[in-house]
Amino acid sequence: MVEIRNPIQVEEAVAKVMAHKQKGEFEYVDISLCDNRHLAEGIVATYPIPAFDKSPYDGFAFKAADTSGASPDSPVTFQVVDHIGAGHLPEATLQSGQATRIMTGAQIPDGADCVAMFERCDTFEKNNHTYMSVTSETKPGDNIIKTSSEISEGEQLLSEGTIINPGVKALLATFGYKQVKVAKQPLVGVIATGTELLEVDEPLEPGKIRNSNAYMIAAQVKRAGAVFKYYGQLPDELEPSMKIIDKALEEVDILVTTGGVSVGDFDLMPAIYEQLGADVLFNKVAMRPGSVTTVAVKGNQILYGLSGNPSACYVGFELFARPLIRHRLYSKSPFHNRGKAVLKDDFPKSNPFTRFVRTYVEIEKSTLTVRLAGIDKSNVVSSLPFTTSLMVLPGGTEAYKAGDEAEVLLLEDTDGMSEFKSLKEA
Ligand code: AMP
Ligand code: MG
């Protein structure tokens, strides 16, 4: 007799998985190697930026009050008494009538309260002295970047879980983080099951197919921010499968298998979970594709039994594994970004269950649009290369048409442009 499974809603399935979330460990990584990792601690400013009043331009620093009444007919002249470049300190306190030649980034000398850029100053030599004149008035504070005007000491700058992008790195370097405290990447074991599978470098044989899921999942693991270990592909035989799965569970934080979770004669994963003593959280979800997606828990390890069908496998990973991984990476926003997009293609199927359509998004005249990535069948691989989003069509809805709106989950950055268009046209 075929086992009857009770499907649960996607939201409930996500909640069941997330109930087992755990904060991951952390490690220290050299700043040059921390790209795309997640901060394991918030970053607080340990000193103000700038730490001293400085000049934003190459020019002259002087007392603004000295320029009172300056005009083209009545220029005000200063004697240039000092010359400071960025990184050098001013020597003397400026007196009335004196100016310091100052470069971008250099500290404002005591006594000066403004800067005029070179373009506004005329320089000339007389009696072996350098002079500078201005023809307009200047106000105190003009062209000075004040101490702590950008960042105050003690300010909370970044929260834990932030992904380290080039700008984050700049801030880390600014505050002297040679070693950066980052979330340790969880280790995700990847196993493909199916007697029909051939490895990527094996020649095709009748009745067999190449194992594409293992490589796809490994890439999804990496995209989610974790690391993977591939334990190979297993035939649909209980004993050899148990052996490898036992070994994997000695090493990994999370184990992802594909195939064998359905109710077919050779679907062994249910028996494997039973033999492992794992607690199956669910084994049927009211969604398409990926209704057979199974998640089980053993101790503090999570086991994902994804469908062997490539598109179903892909969707199952994104919905249920990615947020858990992101949470382990201290992310405060572990779920996919989502928003409303306008369909550019018809989607003629009705949707008895929540459907996650492999799609790609584009921005057209400031509107997010979404197109089908290819054939909408759970067993296809051909739509996956073009998939950058999952379009969510709620259960109980009918066919969608071009022009309708739907929610999309964004899986990655969209492709770029072929040329840099004039920004006026944007
Ligand atoms: P299963 O979930 O084991 O019933 O497999 C469902 C379908 O997915 C079958 O047609 C399998 O041949 C196919 N399949 C299973 N594993 C993989 C894999 N690793 N790569 C590509 N296709 C697979
Ligand atoms: Mg199978």
Side-chain angles (χ1 to χ4, degrees), residues 2-5 7 13 188-223 228-245 248 252 254-276 278 280-296 303-321 353 356 358 373-387:
V2 174
E3 173 202 348
I4 306 294
R5 296 180 177 179
V188 182
V190 177
I191 294 178
T193 73
T195 300
E196 74 277 34
L197 300 179
L198 296 168
E199 255 307 347
V200 64
D201 52 358
E202 289 183 280
L204 280 182
E205 288 174 33
K208 303 239 172 180
I209 58 163
R210 287 214 182 89
N211 166 15
S212 57
N213 290 350
Y215 294 91
M216 176 182 79
I217 295 167
Q220 287 176 288
V221 167
K222 280 167 77 175
R223 183 166 71 181
F228 73 92
K229 180 167 177 185
Y230 179 41
Y231 289 89
Q233 54 194 38
L234 307 177
D236 296 312
E237 295 164 33
L238 193 58
E239 280 322 307
S241 298
M242 270 310 290
K243 244 172 130 176
I244 301 287
I245 288 175
V252 301
I254 294 168
L255 182 65
V256 180
T257 59
T258 85
V261 279
S262 194
V263 291
D265 295 345
F266 300 100
D267 288 332
L268 294 177
M269 290 311 296
I272 289 175
Y273 294 133
E274 201 177 318
Q275 202 159 324
L276 286 171
V280 175
L281 301 182
F282 54 85
N283 58 14
K284 195 157 179 83
V285 186
M287 66 180 214
R288 295 286 185 275
S291 62
V292 298
T293 306
T294 300
V295 180
L303 291 77
Y304 289 90
L306 305 180
S307 167
N309 284 312
S311 284
C313 179
Y314 183 99
V315 169
F317 181 93
E318 291 298 327
L319 288 181
F320 305 114
F353 304 100
F356 295 90
R358 277 73 67 211
I375 302 169
D376 187 68
K377 289 240 159 63
S378 70
N379 58 357
V380 305
V381 71
S382 54
S383 59
L384 295 176
F386 311 103
T387 298

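Just follow the structure's listing: the first ligand is 1, and inside any ligand the first atom is 1. What you see below is based on every heavy atom in this structure, not just the backbone, and it leaves out hydrogens, waters and symmetry mates.
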For [atom], find the nearest protein heavy atom and state the residue, atom name and distance (0.1 Å precision).
atom                    : answer
atom 4 (O) of ligand 1  : Asp267 OD1, 3.9 Å
atom 17 (C) of ligand 1 : Asn213 ND2, 3.3 Å
atom 5 (O) of ligand 1  : Gly308 CA, 3.6 Å
atom 7 (C) of ligand 1  : Asn309 OD1, 3.1 Å
atom 9 (C) of ligand 1  : Glu196 OE2, 4.1 Å

Just wondering, do [Y] and [X] contact through their side chains at under 4.5 Å, heavy atoms?
X      : Y      : answer
Val190 : Gln220 : no
Ile209 : Leu197 : yes
Ser378 : Ser307 : no
Val200 : Tyr215 : yes

Quiz item: Is it true that Ser212 lies under 4.0 Å from ligand 1, counting heavy atoms only?
Solution: yes

Quiz item: Could a heavy atom of Gly260 be found less than 4.0 Å from some atom of ligand 1?
Solution: yes

Is ligand 1 under 4.0 Å from a heavy atom in the side chain of [X], in the backbone, in both, or in neither?
X      : value
Ser262 : neither
Val292 : neither
Val261 : neither
Thr258 : side chain

Quiz item: Is the number of heavy atoms from other residues, nucleotides or ligands under 6.0 Å of Ile375 CD1 greater than 12?
Solution: no

Quiz item: Should Lys284 and Val263 be marked as a side chain to side chain contact (heavy atoms under 4.5 Å, CB included) after you check the CA-CA gap, both sets of side-chain angles, and the distance that decides it?
Solution: CA-CA 11 Å; Lys284 195 157 179 83; Val263 291; over 6 Å; no

Self-check item: Trace of the side chain to side chain contact (heavy atoms under 4.5 Å, CB included) decision for Val285 with Phe320
Solution: CA-CA 11 Å; Val285 186; Phe320 305 114; 4.2 Å; yes

Quiz item: With the threshold set at 4.0 Å, does a side-chain nitrogen-carboxylate oxygen contact exist between Glu318 and Arg223?
Solution: yes

